[in-house]
Amino acid sequence: VFMKSVNTRKYCLSILCILIGLVIGLIRPPGELTVESMRYLGIFMTAVLLLILQLYPAPLVALFACIAFVAFHVCTFPEAFSAWSGDTMWTVILMMIFATGIAKTGLIDRIAYNIIKFFPATYTGMVVAIMATSTILSPIVPNSYSKCAVLGPFAASVAKANNIKKGSRAAAGLFCAFFVPAAIHTMAFLTGSAMTFVLIGMMGDGYAFSWTEWFVCCSPWFIVNLVLTFLFIQVYYKPKEKLNISKELIHQKIAELKPMSSDEKAAAGILAVSILLWITGSYTGLKAYTVAALAFCAMFLKGIFTMKDFQDMVPWGGLITLVASLLSISALLNVVGVNNWLASVAAPVIIRFIPNVYVFIILLCISTYLLRYLECTGLATLAIIAAIFLPIGAPLGIHPFITLFADYLAMLVWNLSFHNPYYLQAEAVVDGLITHKNVVSMSHAYMVIHILGLLASVPLWRYLGMC
(Lines give C-alpha, C1' and ligand atoms only; values in the text may rest on other atoms or scores of the structure.)
Protein backbone atom coordinates (compact mmCIF):
# COMPACT_ATOMS: atom_id res chain seq x y z
CA VAL A 1 0.00 0.00 0.00
CA PHE A 2 2.84 2.37 0.92
CA MET A 3 4.67 1.69 -2.36
CA LYS A 4 1.46 2.23 -4.30
CA SER A 5 0.98 5.56 -2.54
CA VAL A 6 4.56 6.60 -3.33
CA ASN A 7 4.16 5.68 -7.00
CA THR A 8 0.85 7.54 -7.24
CA ARG A 9 2.47 10.68 -5.80
CA LYS A 10 5.41 10.27 -8.17
CA TYR A 11 3.22 9.96 -11.24
CA CYS A 12 0.97 12.86 -10.21
CA LEU A 13 3.96 15.16 -9.68
CA SER A 14 5.46 14.01 -13.00
CA ILE A 15 2.24 14.86 -14.84
CA LEU A 16 2.14 18.27 -13.12
CA CYS A 17 5.73 19.00 -14.20
CA ILE A 18 4.91 18.02 -17.77
CA LEU A 19 1.74 20.17 -17.79
CA ILE A 20 3.73 23.21 -16.58
CA GLY A 21 6.20 22.59 -19.39
CA LEU A 22 3.38 22.29 -21.92
CA VAL A 23 1.82 25.58 -20.78
CA ILE A 24 5.16 27.37 -21.18
CA GLY A 25 5.79 25.71 -24.54
CA LEU A 26 2.41 26.83 -25.90
CA ILE A 27 2.76 30.50 -24.89
CA ARG A 28 2.98 32.91 -27.84
CA PRO A 29 6.69 33.76 -28.31
CA PRO A 30 7.52 37.25 -27.03
CA GLY A 31 10.03 39.52 -28.72
CA GLU A 32 12.76 37.77 -30.70
CA LEU A 33 11.83 34.28 -29.49
CA THR A 34 10.42 31.64 -31.81
CA VAL A 35 8.02 28.72 -31.36
CA GLU A 36 11.08 26.49 -31.00
CA SER A 37 12.43 28.77 -28.25
CA MET A 38 9.22 28.40 -26.24
CA ARG A 39 9.24 24.64 -26.67
CA TYR A 40 12.84 24.60 -25.43
CA LEU A 41 11.87 26.64 -22.35
CA GLY A 42 8.93 24.33 -21.66
CA ILE A 43 11.08 21.19 -21.83
CA PHE A 44 13.83 22.87 -19.82
CA MET A 45 11.38 23.87 -17.06
CA THR A 46 9.95 20.34 -16.93
CA ALA A 47 13.46 18.92 -16.56
CA VAL A 48 14.33 21.44 -13.83
CA LEU A 49 11.21 20.58 -11.82
CA LEU A 50 11.84 16.84 -12.16
CA LEU A 51 15.42 17.32 -10.97
CA ILE A 52 14.41 19.45 -7.99
CA LEU A 53 11.72 16.96 -6.97
CA GLN A 54 14.17 14.05 -7.51
CA LEU A 55 11.47 11.92 -9.11
CA TYR A 56 13.88 10.16 -11.46
CA PRO A 57 17.69 9.73 -11.71
CA ALA A 58 19.30 12.96 -12.90
CA PRO A 59 21.13 11.37 -15.90
CA LEU A 60 17.83 10.00 -17.23
CA VAL A 61 16.03 13.33 -16.83
CA ALA A 62 18.78 15.16 -18.73
CA LEU A 63 18.82 12.48 -21.44
CA PHE A 64 15.01 12.57 -21.80
CA ALA A 65 15.19 16.36 -22.20
CA CYS A 66 17.56 15.98 -25.15
CA ILE A 67 15.25 13.36 -26.70
CA ALA A 68 12.26 15.71 -26.19
CA PHE A 69 14.09 18.53 -28.02
CA VAL A 70 14.26 16.26 -31.08
CA ALA A 71 10.74 14.85 -30.70
CA PHE A 72 9.17 18.34 -30.51
CA HIS A 73 11.31 19.73 -33.37
CA VAL A 74 13.24 22.18 -31.22
CA CYS A 75 16.43 21.13 -32.99
CA THR A 76 17.94 18.32 -35.02
CA PHE A 77 19.27 15.11 -33.48
CA PRO A 78 22.94 16.10 -34.09
CA GLU A 79 22.32 19.44 -32.35
CA ALA A 80 20.56 17.81 -29.37
CA PHE A 81 23.40 15.33 -28.86
CA SER A 82 26.31 17.47 -30.06
CA ALA A 83 28.18 17.21 -26.75
CA TRP A 84 28.42 13.42 -26.94
CA SER A 85 30.97 13.63 -29.74
CA GLY A 86 32.57 16.93 -28.74
CA ASP A 87 36.12 17.39 -27.49
CA THR A 88 34.89 18.52 -24.05
CA MET A 89 33.14 15.23 -23.34
CA TRP A 90 36.05 13.13 -24.51
CA THR A 91 38.47 15.25 -22.50
CA VAL A 92 36.39 14.45 -19.40
CA ILE A 93 36.41 10.72 -20.22
CA LEU A 94 40.13 10.63 -20.97
CA MET A 95 40.95 12.57 -17.80
CA MET A 96 38.99 10.04 -15.75
CA ILE A 97 40.89 7.21 -17.41
CA PHE A 98 44.20 8.97 -16.82
CA ALA A 99 43.49 9.47 -13.10
CA THR A 100 42.28 5.88 -12.71
CA GLY A 101 45.40 4.49 -14.35
CA ILE A 102 47.75 6.57 -12.19
CA ALA A 103 45.90 5.61 -8.99
CA LYS A 104 45.81 1.94 -9.95
CA THR A 105 49.61 1.64 -9.92
CA GLY A 106 49.97 3.01 -6.35
CA LEU A 107 52.01 5.98 -7.54
CA ILE A 108 49.77 8.49 -5.72
CA ASP A 109 50.45 6.78 -2.37
CA ARG A 110 54.21 6.93 -2.95
CA ILE A 111 54.13 10.62 -3.86
CA ALA A 112 51.87 11.51 -0.91
CA TYR A 113 53.85 9.78 1.84
CA ASN A 114 57.17 11.06 0.56
CA ILE A 115 55.87 14.64 0.72
CA ILE A 116 54.35 14.29 4.19
CA LYS A 117 57.58 12.97 5.76
CA PHE A 118 59.27 16.38 5.44
CA PHE A 119 56.87 18.22 7.77
CA PRO A 120 57.22 18.64 11.57
CA ALA A 121 55.55 16.14 13.90
CA THR A 122 52.98 18.51 15.44
CA TYR A 123 49.26 18.91 14.89
CA THR A 124 49.83 22.10 12.88
CA GLY A 125 52.65 20.35 11.03
CA MET A 126 50.35 17.48 10.05
CA VAL A 127 47.60 19.87 8.93
CA VAL A 128 50.10 21.73 6.75
CA ALA A 129 51.55 18.45 5.48
CA ILE A 130 48.18 17.03 4.51
CA MET A 131 47.04 20.30 2.91
CA ALA A 132 50.33 20.64 1.03
CA THR A 133 50.20 17.04 -0.19
CA SER A 134 46.59 17.39 -1.32
CA THR A 135 47.48 20.65 -3.09
CA ILE A 136 50.54 19.19 -4.81
CA LEU A 137 48.50 16.22 -6.00
CA SER A 138 45.82 18.54 -7.44
CA PRO A 139 47.41 19.32 -10.82
CA ILE A 140 48.82 15.79 -11.05
CA VAL A 141 45.66 13.75 -10.46
CA PRO A 142 42.48 15.02 -12.21
CA ASN A 143 40.18 13.07 -9.92
CA SER A 144 39.13 14.20 -6.43
CA TYR A 145 37.93 10.72 -5.51
CA SER A 146 41.42 9.28 -6.02
CA LYS A 147 43.02 11.97 -3.87
CA CYS A 148 40.50 11.47 -1.08
CA ALA A 149 40.96 7.69 -1.30
CA VAL A 150 44.68 8.08 -0.52
CA LEU A 151 44.72 10.94 2.00
CA GLY A 152 41.52 10.03 3.87
CA PRO A 153 42.80 6.73 5.32
CA PHE A 154 46.12 8.40 6.13
CA ALA A 155 44.38 11.17 8.12
CA ALA A 156 42.40 8.49 9.98
CA SER A 157 45.63 6.58 10.72
CA VAL A 158 47.32 9.73 12.07
CA ALA A 159 44.36 10.31 14.40
CA LYS A 160 44.34 6.69 15.61
CA ALA A 161 48.10 6.51 16.17
CA ASN A 162 48.01 9.66 18.30
CA ASN A 163 44.84 8.93 20.29
CA ILE A 164 42.84 11.70 18.64
CA LYS A 165 39.22 10.87 19.43
CA LYS A 166 36.81 10.20 16.61
CA GLY A 167 34.33 13.03 16.27
CA SER A 168 36.63 15.53 17.99
CA ARG A 169 37.55 18.93 16.61
CA ALA A 170 41.13 17.77 16.09
CA ALA A 171 39.86 14.86 13.98
CA ALA A 172 37.62 17.20 11.97
CA GLY A 173 40.61 19.46 11.32
CA LEU A 174 42.63 16.58 9.84
CA PHE A 175 39.65 15.64 7.65
CA CYS A 176 39.20 19.19 6.32
CA ALA A 177 42.94 19.50 5.70
CA PHE A 178 42.80 16.87 2.95
CA PHE A 179 39.19 17.18 1.81
CA VAL A 180 38.93 20.89 0.98
CA PRO A 181 42.08 21.08 -1.19
CA ALA A 182 41.33 17.72 -2.87
CA ALA A 183 37.67 18.44 -3.66
CA ILE A 184 37.58 22.23 -4.04
CA HIS A 185 40.96 23.96 -4.39
CA THR A 186 41.87 21.45 -7.11
CA MET A 187 39.67 23.47 -9.51
CA ALA A 188 42.39 26.14 -9.63
CA PHE A 189 44.33 23.80 -11.94
CA LEU A 190 43.17 22.94 -15.45
CA THR A 191 44.27 19.34 -14.87
CA GLY A 192 42.97 19.24 -11.29
CA SER A 193 39.55 17.95 -12.27
CA ALA A 194 37.69 16.80 -15.36
CA MET A 195 35.06 19.39 -14.40
CA THR A 196 37.31 22.25 -15.55
CA PHE A 197 36.79 21.03 -19.12
CA VAL A 198 33.04 20.77 -18.54
CA LEU A 199 33.00 24.45 -17.54
CA ILE A 200 34.99 25.40 -20.64
CA GLY A 201 32.55 23.40 -22.76
CA MET A 202 29.61 25.26 -21.21
CA MET A 203 31.17 28.59 -22.19
CA GLY A 204 30.40 27.83 -25.83
CA ASP A 205 32.40 27.94 -29.04
CA GLY A 206 35.42 30.21 -29.21
CA TYR A 207 36.53 29.89 -25.59
CA ALA A 208 39.72 28.06 -24.69
CA PHE A 209 42.27 28.11 -21.86
CA SER A 210 45.83 26.86 -21.65
CA TRP A 211 47.04 25.35 -18.38
CA THR A 212 48.81 28.61 -17.47
CA GLU A 213 45.90 30.86 -18.45
CA TRP A 214 43.49 28.87 -16.29
CA PHE A 215 45.79 28.97 -13.26
CA VAL A 216 46.43 32.71 -13.63
CA CYS A 217 42.69 33.39 -13.70
CA CYS A 218 42.17 31.24 -10.58
CA SER A 219 45.29 32.23 -8.62
CA PRO A 220 43.82 35.02 -6.38
CA TRP A 221 40.82 32.82 -5.52
CA PHE A 222 43.15 29.87 -4.88
CA ILE A 223 45.48 31.79 -2.57
CA VAL A 224 42.64 33.34 -0.55
CA ASN A 225 40.90 29.97 -0.16
CA LEU A 226 44.08 28.10 0.77
CA VAL A 227 45.16 30.64 3.40
CA LEU A 228 41.73 31.21 4.95
CA THR A 229 40.95 27.46 5.03
CA PHE A 230 44.20 26.83 6.93
CA LEU A 231 43.48 29.69 9.35
CA PHE A 232 39.95 28.43 9.97
CA ILE A 233 41.25 24.93 10.75
CA GLN A 234 43.86 26.41 13.08
CA VAL A 235 41.43 28.65 14.94
CA TYR A 236 38.31 26.47 15.01
CA TYR A 237 39.57 22.87 14.97
CA LYS A 238 43.01 22.94 16.57
CA PRO A 239 42.94 21.10 19.95
CA LYS A 240 43.64 23.15 23.06
CA GLU A 241 46.01 20.55 24.48
CA LYS A 242 49.38 20.08 22.79
CA LEU A 243 49.63 16.92 20.71
CA ASN A 244 52.91 15.23 19.88
CA ILE A 245 52.36 13.53 16.56
CA SER A 246 54.35 10.34 16.02
CA LYS A 247 56.36 10.11 12.83
CA GLU A 248 56.59 6.36 13.13
CA LEU A 249 53.33 6.00 11.24
CA ILE A 250 54.72 7.90 8.25
CA HIS A 251 57.92 5.85 8.18
CA GLN A 252 55.84 2.70 8.52
CA LYS A 253 53.64 3.69 5.57
CA ILE A 254 56.72 4.38 3.43
CA ALA A 255 58.28 1.07 4.50
CA GLU A 256 55.11 -0.78 3.49
CA LEU A 257 55.43 0.53 -0.05
CA LYS A 258 56.82 -2.14 -2.34
CA PRO A 259 59.69 -1.36 -4.72
CA MET A 260 58.43 0.50 -7.78
CA SER A 261 56.96 -1.93 -10.27
CA SER A 262 57.44 -1.52 -14.01
CA ASP A 263 53.85 -0.26 -14.23
CA GLU A 264 54.46 2.34 -11.54
CA LYS A 265 57.68 3.51 -13.22
CA ALA A 266 55.86 3.74 -16.53
CA ALA A 267 53.01 5.66 -14.85
CA ALA A 268 55.53 8.09 -13.32
CA GLY A 269 57.07 8.71 -16.73
CA ILE A 270 53.68 9.15 -18.42
CA LEU A 271 52.60 11.50 -15.61
CA ALA A 272 55.73 13.65 -15.86
CA VAL A 273 55.52 13.96 -19.65
CA SER A 274 51.76 14.67 -19.55
CA ILE A 275 52.13 17.46 -16.98
CA LEU A 276 54.93 19.02 -19.02
CA LEU A 277 52.84 18.89 -22.20
CA TRP A 278 49.76 20.32 -20.42
CA ILE A 279 51.74 23.23 -19.00
CA THR A 280 53.44 24.00 -22.32
CA GLY A 281 50.29 23.49 -24.39
CA SER A 282 50.14 27.15 -25.42
CA TYR A 283 53.62 26.77 -27.00
CA THR A 284 53.34 23.27 -28.49
CA GLY A 285 49.77 23.66 -29.74
CA LEU A 286 48.78 20.36 -28.12
CA LYS A 287 45.29 20.46 -26.63
CA ALA A 288 44.55 18.92 -23.22
CA TYR A 289 42.48 16.16 -24.82
CA THR A 290 45.33 15.28 -27.21
CA VAL A 291 47.75 14.87 -24.31
CA ALA A 292 45.20 12.85 -22.33
CA ALA A 293 44.56 10.62 -25.38
CA LEU A 294 48.29 10.01 -25.84
CA ALA A 295 48.62 9.18 -22.14
CA PHE A 296 45.71 6.74 -22.42
CA CYS A 297 47.33 5.02 -25.41
CA ALA A 298 50.62 4.72 -23.53
CA MET A 299 48.86 3.27 -20.45
CA PHE A 300 46.88 0.86 -22.60
CA LEU A 301 49.94 -0.35 -24.50
CA LYS A 302 51.86 -0.85 -21.23
CA GLY A 303 48.95 -2.78 -19.72
CA ILE A 304 48.32 -0.29 -16.90
CA PHE A 305 44.80 0.25 -18.18
CA THR A 306 42.86 -2.64 -19.71
CA MET A 307 39.63 -2.94 -21.68
CA LYS A 308 37.93 -4.26 -18.54
CA ASP A 309 38.99 -1.09 -16.72
CA PHE A 310 37.64 0.93 -19.64
CA GLN A 311 34.27 -0.76 -19.25
CA ASP A 312 34.08 -0.91 -15.46
CA MET A 313 35.85 2.23 -14.18
CA VAL A 314 34.37 4.87 -16.47
CA PRO A 315 30.85 5.85 -15.25
CA TRP A 316 29.22 5.61 -18.66
CA GLY A 317 25.65 5.23 -17.40
CA GLY A 318 25.74 7.93 -14.72
CA LEU A 319 28.13 10.87 -14.75
CA ILE A 320 29.03 10.69 -18.44
CA THR A 321 25.36 10.63 -19.53
CA LEU A 322 24.50 13.50 -17.16
CA VAL A 323 27.43 15.72 -18.16
CA ALA A 324 27.00 15.13 -21.91
CA SER A 325 23.26 15.84 -21.75
CA LEU A 326 23.68 18.98 -19.64
CA LEU A 327 26.34 20.28 -22.03
CA SER A 328 23.95 19.76 -24.93
CA ILE A 329 21.11 21.49 -23.06
CA SER A 330 23.40 24.43 -22.28
CA ALA A 331 24.61 24.71 -25.89
CA LEU A 332 21.02 24.82 -27.18
CA LEU A 333 20.39 28.07 -25.29
CA ASN A 334 22.32 29.84 -28.06
CA VAL A 335 20.90 27.74 -30.88
CA VAL A 336 17.28 28.65 -30.08
CA GLY A 337 18.09 32.27 -29.18
CA VAL A 338 17.06 32.15 -25.51
CA ASN A 339 20.40 33.55 -24.32
CA ASN A 340 20.18 36.69 -26.48
CA TRP A 341 16.53 37.27 -25.56
CA LEU A 342 17.18 36.95 -21.82
CA ALA A 343 20.14 39.32 -22.10
CA SER A 344 18.11 41.98 -23.95
CA VAL A 345 15.13 41.73 -21.59
CA ALA A 346 17.24 41.63 -18.45
CA ALA A 347 19.62 44.43 -19.41
CA PRO A 348 17.54 47.36 -18.02
CA VAL A 349 16.88 45.51 -14.77
CA ILE A 350 20.52 44.47 -14.46
CA ILE A 351 21.87 47.97 -14.89
CA ARG A 352 19.50 49.21 -12.18
CA PHE A 353 19.84 46.47 -9.56
CA ILE A 354 23.22 44.87 -10.34
CA PRO A 355 25.54 47.85 -10.80
CA ASN A 356 28.83 45.93 -10.93
CA VAL A 357 30.54 42.55 -10.96
CA TYR A 358 30.88 42.48 -7.16
CA VAL A 359 27.10 42.49 -6.63
CA PHE A 360 26.72 40.01 -9.49
CA ILE A 361 29.12 37.52 -7.83
CA ILE A 362 27.45 37.80 -4.42
CA LEU A 363 23.94 37.30 -5.86
CA LEU A 364 25.09 34.36 -7.98
CA CYS A 365 26.71 32.58 -5.03
CA ILE A 366 23.78 33.17 -2.68
CA SER A 367 21.36 31.92 -5.36
CA THR A 368 23.45 28.76 -5.80
CA TYR A 369 23.67 28.15 -2.04
CA LEU A 370 19.89 28.45 -1.71
CA LEU A 371 19.15 26.25 -4.72
CA ARG A 372 21.36 23.49 -3.28
CA TYR A 373 18.77 22.99 -0.54
CA LEU A 374 16.16 22.22 -3.21
CA GLU A 375 18.23 20.39 -5.83
CA CYS A 376 20.49 17.53 -4.80
CA THR A 377 22.35 16.40 -7.92
CA GLY A 378 24.74 19.35 -8.05
CA LEU A 379 25.33 19.43 -11.78
CA ALA A 380 21.67 20.32 -12.32
CA THR A 381 22.23 23.34 -10.05
CA LEU A 382 25.18 24.28 -12.23
CA ALA A 383 23.02 24.14 -15.36
CA ILE A 384 20.09 26.04 -13.83
CA ILE A 385 22.17 28.88 -12.38
CA ALA A 386 24.23 29.11 -15.58
CA ALA A 387 21.06 29.38 -17.69
CA ILE A 388 19.95 32.33 -15.54
CA PHE A 389 23.21 34.18 -14.88
CA LEU A 390 25.12 33.76 -18.17
CA PRO A 391 22.60 36.00 -20.01
CA ILE A 392 22.54 38.41 -17.05
CA GLY A 393 26.33 38.68 -17.07
CA ALA A 394 26.54 39.41 -20.79
CA PRO A 395 25.30 43.06 -20.63
CA LEU A 396 27.73 43.66 -17.76
CA GLY A 397 30.62 42.39 -19.88
CA ILE A 398 31.29 39.49 -17.52
CA HIS A 399 33.26 36.62 -19.04
CA PRO A 400 31.48 33.23 -18.91
CA PHE A 401 34.48 31.85 -16.97
CA ILE A 402 33.60 34.04 -13.98
CA THR A 403 29.95 32.97 -13.98
CA LEU A 404 30.60 29.25 -14.37
CA PHE A 405 33.62 29.10 -12.04
CA ALA A 406 31.75 30.95 -9.29
CA ASP A 407 28.64 28.81 -9.86
CA TYR A 408 30.37 25.42 -9.78
CA LEU A 409 32.53 26.17 -6.74
CA ALA A 410 29.50 27.54 -4.86
CA MET A 411 27.68 24.32 -5.74
CA LEU A 412 30.29 22.23 -3.87
CA VAL A 413 29.11 23.14 -0.36
CA TRP A 414 28.24 20.25 1.95
CA ASN A 415 25.74 21.93 4.28
CA LEU A 416 23.76 18.70 3.94
CA SER A 417 25.79 15.52 3.71
CA PHE A 418 24.42 14.53 0.29
CA HIS A 419 25.13 17.95 -1.26
CA ASN A 420 28.69 17.08 -2.21
CA PRO A 421 29.49 13.63 -3.70
CA TYR A 422 33.17 14.10 -2.90
CA TYR A 423 32.27 14.61 0.75
CA LEU A 424 30.29 11.37 0.85
CA GLN A 425 33.25 9.44 -0.54
CA ALA A 426 35.72 11.16 1.79
CA GLU A 427 33.60 10.40 4.85
CA ALA A 428 33.35 6.77 3.77
CA VAL A 429 37.13 6.23 3.65
CA VAL A 430 38.11 7.69 7.05
CA ASP A 431 36.82 4.81 9.19
CA GLY A 432 34.34 6.87 11.23
CA LEU A 433 36.88 9.62 12.00
CA ILE A 434 34.18 12.29 11.67
CA THR A 435 30.47 12.72 11.21
CA HIS A 436 28.80 15.39 9.08
CA LYS A 437 28.00 17.35 12.23
CA ASN A 438 31.74 17.68 12.99
CA VAL A 439 32.69 19.26 9.67
CA VAL A 440 29.62 21.22 8.53
CA SER A 441 31.13 24.35 10.12
CA MET A 442 33.88 24.18 7.51
CA SER A 443 31.20 24.21 4.80
CA HIS A 444 29.61 27.31 6.32
CA ALA A 445 33.03 28.98 6.49
CA TYR A 446 33.74 27.96 2.89
CA MET A 447 30.60 29.74 1.71
CA VAL A 448 32.11 33.02 2.91
CA ILE A 449 35.69 32.16 1.91
CA HIS A 450 34.59 31.31 -1.63
CA ILE A 451 32.89 34.69 -2.09
CA LEU A 452 35.91 36.52 -0.61
CA GLY A 453 38.20 34.66 -3.02
CA LEU A 454 36.04 35.64 -5.98
CA LEU A 455 35.86 39.29 -4.91
CA ALA A 456 39.63 39.35 -4.45
CA SER A 457 39.99 38.09 -8.04
CA VAL A 458 38.01 40.96 -9.61
CA PRO A 459 40.97 43.38 -9.99
CA LEU A 460 42.95 40.72 -11.89
CA TRP A 461 39.93 39.78 -14.00
CA ARG A 462 39.44 43.47 -14.88
CA TYR A 463 43.08 43.75 -15.85
CA LEU A 464 42.67 40.71 -18.12
CA GLY A 465 39.54 42.26 -19.68
CA MET A 466 37.18 39.62 -18.31
CA CYS A 467 34.78 42.00 -16.55
Flag yes if more than 12 heavy atoms outside Lys287 fall under 6.0 Å of its NZ atom; otherwise flag no.
no
Does any N or O in the side chain of His185 come within less than 3.5 Å of the main-chain N or O of Thr135, such that one atom is a donor and the other an acceptor?
no
Side-chain donor or acceptor of Thr46 paired with backbone N/O of Cys17 under 3.5 Å
yes
Sub-6.0 Å ring centroid separation between Phe215 and Phe189:
yes
Kindly indicate whether the side chain of Met442, heavy atoms from C-beta on, has any atom under 4.5 Å from the side chain of Tyr236.
no
In this structure, are over 12 heavy atoms from other groups packed under 6.0 Å from Tyr56 atom OH?
yes
Does the Ser134 side chain pair with the main chain of Ile130, one donor and one acceptor, at a distance under 3.5 Å?
no
pair Trp221-Leu409: side-chain heavy atoms closer than 4.5 Å:
yes
Side-chain touch Ile304/Glu264, heavy atoms, less than 4.5 angstrom
no
Close side-chain approach of Tyr423 and Cys148, heavy atoms under 4.5 Å:
no
Do Tyr237 and Ser441 make a side-chain contact, defined as non-hydrogen atoms from C-beta onward lying under 4.5 Å apart?
yes
Residue pair Phe405 / Leu454, side-chain heavy-atom distance below 4.5 Å
yes
Any side-chain heavy atom of Tyr408 within less than 4.5 Å of one from Thr368?
no
Is there a donor-acceptor pair under 3.5 Å between the side chain of Thr403 and the backbone N or O of Leu390?
no
Answer with yes or no after comparing the ring centroid distance for Tyr289 and Phe197 against a 6.0 Å cut-off, counting only values under it.
no
For Met466 and Cys217: C-alpha separation, side-chain torsions, deciding distance, then whether side-chain contact (heavy atoms from CB on, under 4.5 Å) applies.
CA-CA 10 Å; Met466 299 176 76; Cys217 290; 3.7 Å; yes
If you draw a 6.0 Å radius around CZ in Phe72, do more than 12 non-hydrogen atoms from other residues or ligands fall strictly inside?
no
Taking the six-membered ring for Trp, is the centroid-to-centroid distance between Tyr207 and Phe401 below 6.0 Å?
no
Just so I know, are the side chains of Trp414 and Ile184 near enough to count as touching, which here means a heavy-atom distance under 4.5 Å?
yes
